Amino acid sequence: MSSPLRPAFYDRSVVAVARGLVGCVLQHGDSSGLIVETEAYHQTEAACHAYVGLTARTSTLFGAPGTAYVYRSYGIHALVNAVCEGHDVGAAVLIRALEPLTGLDAMRARRRRDGLEELCSGPGKLTQALAIGLELNASSLQTGPLRVLPRPDDRLQPALVASERIGISKAAELPWRFSVAGSRYVSRPRPPGRAAWAAARAASAGRADGSTGS
DNA sequence: CATGGGATTGACT
DNA sequence: GTCAATCCCATGC
């Protein structure tokens with residue numbers, strides 16, 4: 001058993017945290033999954049809720065690093081983020097997809113679906129699968145009940161693909177979506193696969209676009 | 001106080 | 001591919 005990531009992990013550039021969280025584990029009760037897709041949001045770009053400044057809705061985003069920011073999307077879904085960077089900086093990593101690890105039957109019951117790839121392959125799906133509701137907004141990701149654990153020892157560091165964020169209209173060009181290359185558990189639309197990623201990387205060798213793994 | 005726009009999903013054509 | 005469901009809240013009159 002490893003202990004949850006501490007606030008210092010989140011007290012870094014939100015893009016660095018978004019990359020670092022891929023491969024870690026999100027756990028709530030008996031259910032957990034490996035994070036395979038994230039997106040970074042920062043107050044300096046218009047797609048971030050914190051762009052409008054400090055309001056009742058965004059107050060969590062300006063709170064302590066390592067806090068959960070949970071909000072309702074499209075009136076229906078709860079989406080979960082990890083608050084990053086220092087106090088007074090509005091930034092967070094949206095957790096978009098998980099590879100289911102434990103508590104599979106409970107996830108299947110909550111999702112009313114059986115297929116492993118249908119349980120957590122989207123930001124609204126994974127909150128339903130793990131029973132993450134708005135009541136967890138502003139809770140600590142270190143002390144729980146919702147926790148983020150380090151990458152399991154038996155897991156290799158995943159190769160990452162960087163692509164554009166999903167479902168936004170502003171600042172859509174930033175390549176701040178990070179996913180495990182070739183994973184079957186990422187959300188739609190799928191980012192470029194590992195082969196396409198390697199080809200694109202070779203074609204633009206030398207260009208700094210934050211798309212490499214490591 | 002009224003309005004409109006979402007960091008989505010699933011059902012249907 | 002298209003579209004409705006459904007709620008919070010920021011914005012504007």
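Basis for what follows: all heavy atoms, side chains included, without hydrogens, waters or symmetry-related copies. From a predicted model like this one, the values you see are computed outputs, not experimental measurements. Proteins come first, then strands; the chains are lettered A, B, ... in the order of their sequence lines, and each starts at number 1.
- At a cut-off of 3.5 Å, with distance as the only test, no side-chain donor of A:Ser121 or A:Ser187 sits close to an acceptor on the other residue.
- Distance, A:Arg72 CZ to C:dC8 P: 6 Å, rounded to whole Å.
- Ion pair A:Glu39/A:Arg96 flagged as a salt bridge, since at least one NZ, NE, NH1 or NH2 atom sits closer than 4.0 Å to an Asp/Glu carboxylate oxygen.
- In this structure, A:Arg57 atom CZ and B:dG6 atom P are separated by 11 Å, rounded to whole Å.
- Remark: A:Glu118 does not engage A:Arg108 in a salt bridge, criterion side-chain N to carboxylate O under 4.0 Å.
- Look at A:Lys125 and you'll find a side-chain N or O under 4.0 angstrom from OP1 or OP2 of B:dG10.
- Side chains of A:His42 and A:Tyr51: no donor on one and acceptor on the other come within 3.5 Å.
- One finds a side-chain N or O of A:Thr55 lying less than 4.0 angstrom from the OP1 or OP2 phosphate oxygen of C:dA10.
- In this structure, the CZ atom of A:Arg111 is 11 Å from the C1' atom of B:dT8, given to the nearest Å.
- Atoms CZ (A:Arg188) and C1' (B:dT9) sit 13 Å apart, rounded to a whole Å.
- Checked for salt-bridge contact, A:Arg155 and A:Glu99 meet the test: a charged N lies under 4.0 Å from a carboxylate O.
- With rounding to whole Å, A:His49 atom NE2 is found 15 Å from B:dG5 atom P.
- Aromatic ring centroids of A:Phe62 and A:His87 lie 6.0 Å or more apart.
- Distance, A:Ile168 CD1 to B:dG5 C1': 15 Å, rounded to whole Å.
- Minimum atom distance to the side chain of A:Val52 is reached by C:dA10, of the listed B:dA7, B:dG10, C:dA10.
- In this structure, the CD1 atom of A:Ile76 is 8 Å from the P atom of C:dC7, given to the nearest Å.
- Toward the 5' end of DNA chain C, the nearer of the two residues A:His77 and A:Leu134, judged by each one's closest nucleotide, is A:His77.
- Counting only Watson-Crick and G-U wobble pairs whose two key distances fall under 3.5 Å, DNA chain C forms stems of three or more stacked pairs at B:1-6 with C:7-12, B:8-12 with C:1-5.
- Taking only side-chain nitrogens and oxygens, A:Arg165 never comes nearer than 4.0 Å to OP1 or OP2 of B:dG6.
- By the 4.0 Å N-to-carboxylate-O rule, A:Arg177 lies too far from A:Glu164 to be salt-bridged with it.
- Nearer to the 5' terminus of DNA chain B, by closest-nucleotide assignment, is the contact made by A:Ala50 (compared with the other of A:Ala50 and A:Arg113).
- Here A:Tyr74 does not count as stacked on C:dA5, because the ring centres are not under 5.5 angstrom apart with planes under 30°.
- For the pair A:Leu61 CG and C:dC9 P, the computed distance is 13 Å after rounding to whole Å.
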